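What follows is a short report on a single structure.
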Amino acid sequence: MLWTAAAYRATFDIARPIAAASPCACSYNQVRVTSVAVRTSEGTVVTLERNTVEDLRGHLRGALLLPGDPGYDDGRAIWNAMIDRRPALIARCLGVADVVTCVNFAREHGVTVSIKGGGHNISGLAVCDGGLMVDLSLMRGVWVDSTARTARAQAGCLLGDLDRETQLHGLAAVLGFLSTTGIAGLTLGGGFGYLTRRFGWSCDNVLSMDVVTADGRFVRASARENHDLFWGLRGGGGNFGVVTSFEYKLHPVGPEVMAGAMAWRAEDAHEVLEMYRTVTAQAPPELTCVAVLRNAPPAPWLPKEIHGKPIVAIFVCQTGPRAEGERQVAPIKRFGSPVGDIIQWRPYVSQQSLLDATQPKGRRYYWKSEYLPRHEPDMLAKVIEHAKRIPSPHSAILVFPIDGALNRLSAEHSPAGNRDAASVLNITASWERADDDKANIGWARAAWEDLRPFSTGGTYVNFLTEEEGSDRVHAAYGENYDRLVEIKTKWDSNNVFRMNKNIPPTAPDA
Ligand SMILES: Cc1cc2nc3c(=O)[nH]c(=O)nc-3n(C[C@H](O)[C@H](O)[C@H](O)COP(=O)(O)OP(=O)(O)OC[C@H]3O[C@@H](n4cnc5c(N)ncnc54)[C@H](O)[C@@H]3O)c2cc1C
């Protein structure tokens, strides 16, 4: 039988909630299972008998949720509301043993499997239709060794979890710009943020990862153990196994940094971006300045009369010597006639969540992204033109400088590669109603088409949307792609882990 939503509903038998003292392994309020239709990794549907599903439930420490169970809809809802998939089973894992159980179950029954860390990926591949979603979002432990300057974090952690624990010791891992993003997807695809210019990709700062492989083994990947797997995981995404924890190298940062944001009216955008170009060209690695063009959100630091009007903003973070902080941000602070300025000494964790409110869970999102080799005046002029046409109060065009440490390593150091990139351009459409999909997606695509000629030719795998296929995956990995195929073929020859920006293994007879 070919998979359709209707077929799934017809064969999935949901009975009334069962009583508290039921003899079966189901707990109160969970739906009674008679049989469950699941989608196989080949796209067909098979029926799992009740005993099979209850056996899985019985082997898990965490809950197994089925459609109709309390928490099921929360479990499948991710950041991007464009994604509306319905797994047949959601396993809310509480530890490595649960992950091993899930992987073995999926492999033995041929069930499609997806992996959810923070649930923040634009393409929404953390959620599968009709398969088993391995939900790691309850695994949020962090252990910091302040002497060794390392931290081990479980794969369900959000960036804010790790920052909070490491900052207790004046240390930080290289992470992204929003506290609500998951560490797992971010690190496995590369990862960049305010510390990237100093220390490279997030994945360049990973010392080891604990992994459940497609055959259900629990292994460590590091420079000393399973080195090929370690290489593949540092950018190759969720293709090779389920990572249950990451060990990060930490760096002294803060706890206070000279950071914040400033905004000017869009009428001044050409002059502001010219200043931005000059400042970023000379900025030491400890200073990162992100340019944002959008309509002003109703943020308390922006005057009411500017809300909803086009602005250009620069988000700044200086993480180097304290004595240098004020001097390094001075050219930005004294520029023109800003409409808002909150650049000041502030806790690093506050800077790490400054953009959170602009990206809430549950809106509709569509992105287009490219790596840039430099900030060309013509490119910045086009950014200004496309920002003028933004059809939504929430959309933005952002330029994130990443040049510095990552450029000093060779392209083959890790699959994240793209070590010729100076910046990441991200065109982020964000809106509320499905009726507005066409206008917003159309705006992002048009801006991207026009800006694409300024790209290095590479793109960030973590910013690819659902529709972007193998040509874009190739663009993300470039010369590292073939080695990724070899590693995939060794560690997951049956492509158990295919709900991702997939790197298909070589067929056995190829
Ligand atoms: C608002 C927003 C801001 C962002 N900011 C940044 C940023 O500043 N810097 C940056 O580099 N990126 C950023 N990103 C991109 C981000 O890195 C990716 O979206 C990333 O995939 C998010 O990780 P997650 O765990 O939350 O995602 P999920 O959606 O949970 O997972 C994404 C994919 O990763 C794989 N995966 C997840 N967990 C595991 C695991 N434990 N083992 C194996 N595979 C796994 C799966 O294939 C899954 O489909 C941002 C994204 C958003 C939406």
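Everything quoted here is computed from the prediction, not taken from an experiment. Atoms within a ligand are numbered from 1 in the order they appear, just like the ligands themselves.
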Report task. Taking only heavy atoms of Gly191 into account, list the atoms of ligand 1 that are under 4.0 Å away from them. Result -> 11 (O)
Query raised in the report: Is any N or O atom of Asn462, backbone or side chain, closer than 3.5 Å to an N or O atom of ligand 1?
Result: yes
Requested in this report: Classify the contact between Ala155 and ligand 1 as side chain, backbone, both or neither, using a heavy-atom distance cut-off of under 4.0 Å.
Outcome: side chain
Report summary line: Of Trp201, Tyr365, Tyr460, Phe192, the one whose closest heavy atom lies nearest atom 9 (N) of ligand 1 is Phe192
Report task. For Arg346, check salt bridge (charged side-chain N to carboxylate O under 4.0 Å, His left out) against everything at least two apart and list the hits. Result -> none
Query raised in the report: Relative to the heavy atoms of Trp79, which atoms of ligand 1 are at a distance of less than 4.0 Å?
Result: 1 (C), 53 (C)
**Report entry** Ring-face cation of Arg234 near Phe230 (centre distance under 6.0 Å, axis angle within 45°)
**Finding:** yes
Query raised in the report: Quick check: does Gly237 get an N/O under 3.5 Å from an N/O on ligand 1?
Result: no
Query raised in the report: Can you check salt bridge (charged side-chain N to carboxylate O under 4.0 Å, His left out) on Asp204 and Lys249, steps first, answer last?
Result: CA-CA 9 Å; Asp204 292 340; Lys249 188 197 290 184; over 6 Å; no
Report summary line: Note: ligand 1 atoms sitting under 4.0 Å from heavy atoms of Lys116 are 30 (O)
Query raised in the report: Mind checking whether Phe400 has a heavy atom under 4.0 Å from ligand 1?
Result: no
Report task. Walk me through it: do Ser123 and Glu466 pass the test side-chain hydrogen bond (donor to acceptor under 3.5 Å, both in side chains)? Result -> CA-CA 4 Å; Ser123 66; Glu466 198 185 359; over 6 Å; no
**Report entry** Sub-6.0 Å ring centroid separation between Trp443 and Trp367
**Finding:** no
Query - SB check Glu370 Arg452 (cutoff 4.0 Å) - result: yes
**Report entry** Nearest-contact summary for atom 4 (C) of ligand 1 - protein heavy atom, Å
**Finding:** Thr181 OG1, 3.8 Å
Report task. Flag the pair Arg76 and Asp73 as a salt bridge only when some basic side-chain nitrogen lies within less than 4.0 angstrom of an acidic carboxylate oxygen. Result -> yes
Requested in this report: Classify the contact between Phe240 and ligand 1 as side chain, backbone, both or neither, using a heavy-atom distance cut-off of under 4.0 Å.
Outcome: neither
Query - Nearest neighbour in protein (non-hydrogen) for atom 41 (N) of ligand 1 - result: Val243 O, 2.8 Å
Query raised in the report: With respect to atom 37 (C) of ligand 1, which of Gly117, Ser430, Cys93 exhibits the smallest heavy-atom separation?
Result: Gly117
Query - atom 44 (N) of ligand 1: nearest protein contact (heavy atom, Å) - result: Gly238 CA, 3.3 Å
Query raised in the report: Which atoms of ligand 1 sit under 4.0 Å from any heavy atom of Asn500?
Result: 47 (O)
Query raised in the report: Is it true that Glu412 and Arg419 have a side-chain N and a carboxylate O under 4.0 angstrom from each other?
Result: no
Query raised in the report: Nearest heavy atom to atom 32 (C) of ligand 1: which of Asn121, Leu178, Asp135 does it belong to?
Result: Asn121
Query raised in the report: Is the shortest N/O to N/O distance between Gly185 and ligand 1 below 3.5 Å?
Result: yes
Query raised in the report: For ligand 1, is there an N or O atom under 3.5 Å from any N or O atom of Phe463?
Result: no
Counting only pairs under 3.5 Å, give me each side-chain donor-acceptor contact of residues 87-97, with atom names and distances, residues two or more places apart or in other chains.
unit_1 : atom_1 : unit_2 : atom_2 : d
Arg92  : NE     : Asp135 : OD2    : 3.1
Arg92  : NH2    : Asp135 : OD2    : 3.4
Arg92  : NH2    : Ser137 : OG     : 3.2

Report task. Output yes when Arg197 and Asp403 qualify as a salt bridge under the 4.0 Å nitrogen-oxygen rule, no when they do not. Result -> yes
**Report entry** Heavy-atom nearest neighbour in the protein, as seen from atom 45 (C) of ligand 1, with distance rounded to 0.1 Å
**Finding:** Leu188 CD1, 3.6 Å
Query raised in the report: Does ligand 1 have an atom under 4.0 Å from some heavy atom of Gly119?
Result: yes
Query - CG-OH distance between Leu425 and Tyr460, expressed to the nearest 0.5 angstrom - result: 14.5 Å
Query raised in the report: How about Tyr371 and Phe192: are their ring centroids closer than 6.0 Å?
Result: no
Query raised in the report: Relative to Trp431, does Arg363 satisfy both conditions: NZ or CZ under 6.0 angstrom from the six-membered ring centre, and within 45 degrees of the ring's axis?
Result: no
Query raised in the report: Phe177 to ligand 1: N or O pair under 3.5 Å?
Result: yes
Query raised in the report: Are the aromatic rings of Phe315 and Phe177 close, with centres under 6.0 Å apart?
Result: no
Query - Check: Met209 and Val206 side chains under 4.5 Å, non-hydrogen atoms - result: yes
Report task. Number the atoms of ligand 1 from 1 as they appear, then name those within less than 4.0 Å of a heavy atom of Val242, with their elements. Result -> 42 (N), 43 (C)
Query raised in the report: Would one find an N or O of His120, backbone or side chain, under 3.5 Å from an N or O of ligand 1?
Result: yes
Query raised in the report: Does a side-chain N-to-carboxylate-O contact under 4.0 Å join Arg39 and Asp129?
Result: no
Query raised in the report: N/O to N/O below 3.5 Å, does that happen between Gly118 and ligand 1?
Result: yes
Query raised in the report: What protein heavy atom is closest to atom 10 (C) of ligand 1, reported as residue, atom name and distance in Å?
Result: Leu186 CD1, 3.3 Å
Query raised in the report: Between Tyr481 and Tyr477, how do the two ring planes meet: parallel, tilted or perpendicular, split at 30° and 60°?
Result: tilted
Requested in this report: State whether Glu286 and Arg198 are salt-bridged, where the test is any N-O pair (Lys NZ or Arg NE/NH1/NH2 against Asp/Glu carboxylate O) under 4.0 Å.
Outcome: no
Requested in this report: From the options Thr196, Ile115, Val174, select the one whose nearest heavy atom is closest to atom 36 (N) of ligand 1.
Outcome: Ile115
Requested in this report: Go through ligand 1 atom by atom and flag the ones less than 4.0 Å from a non-hydrogen atom of Leu125.
Outcome: 49 (O)
Query - Gly182 N/O under 3.5 Å from ligand 1 N/O - result: yes
Query raised in the report: Out of curiosity, is Gly241 lining ligand 1, as in a heavy atom under 4.0 Å away?
Result: yes
Query raised in the report: Of the backbone atoms (N, CA, C, O) and the side-chain heavy atoms from C-beta on, which set of Leu136 has a member under 4.0 Å from an atom of ligand 1: side chain, backbone, both, or neither?
Result: side chain
Query raised in the report: Can you tell me which residue and heavy atom of the protein come closest to atom 50 (C) of ligand 1, and the distance to 0.1 Å?
Result: Trp367 CH2, 3.9 Å
Report summary line: Ala184 heavy atoms within 4.0 Å reach ligand 1 at atoms 38 (N), 39 (C), 41 (N)
Query - Element-labelled atoms of ligand 1 that are located less than 4.0 Å from some non-hydrogen atom of Gln359 - result: 1 (C)
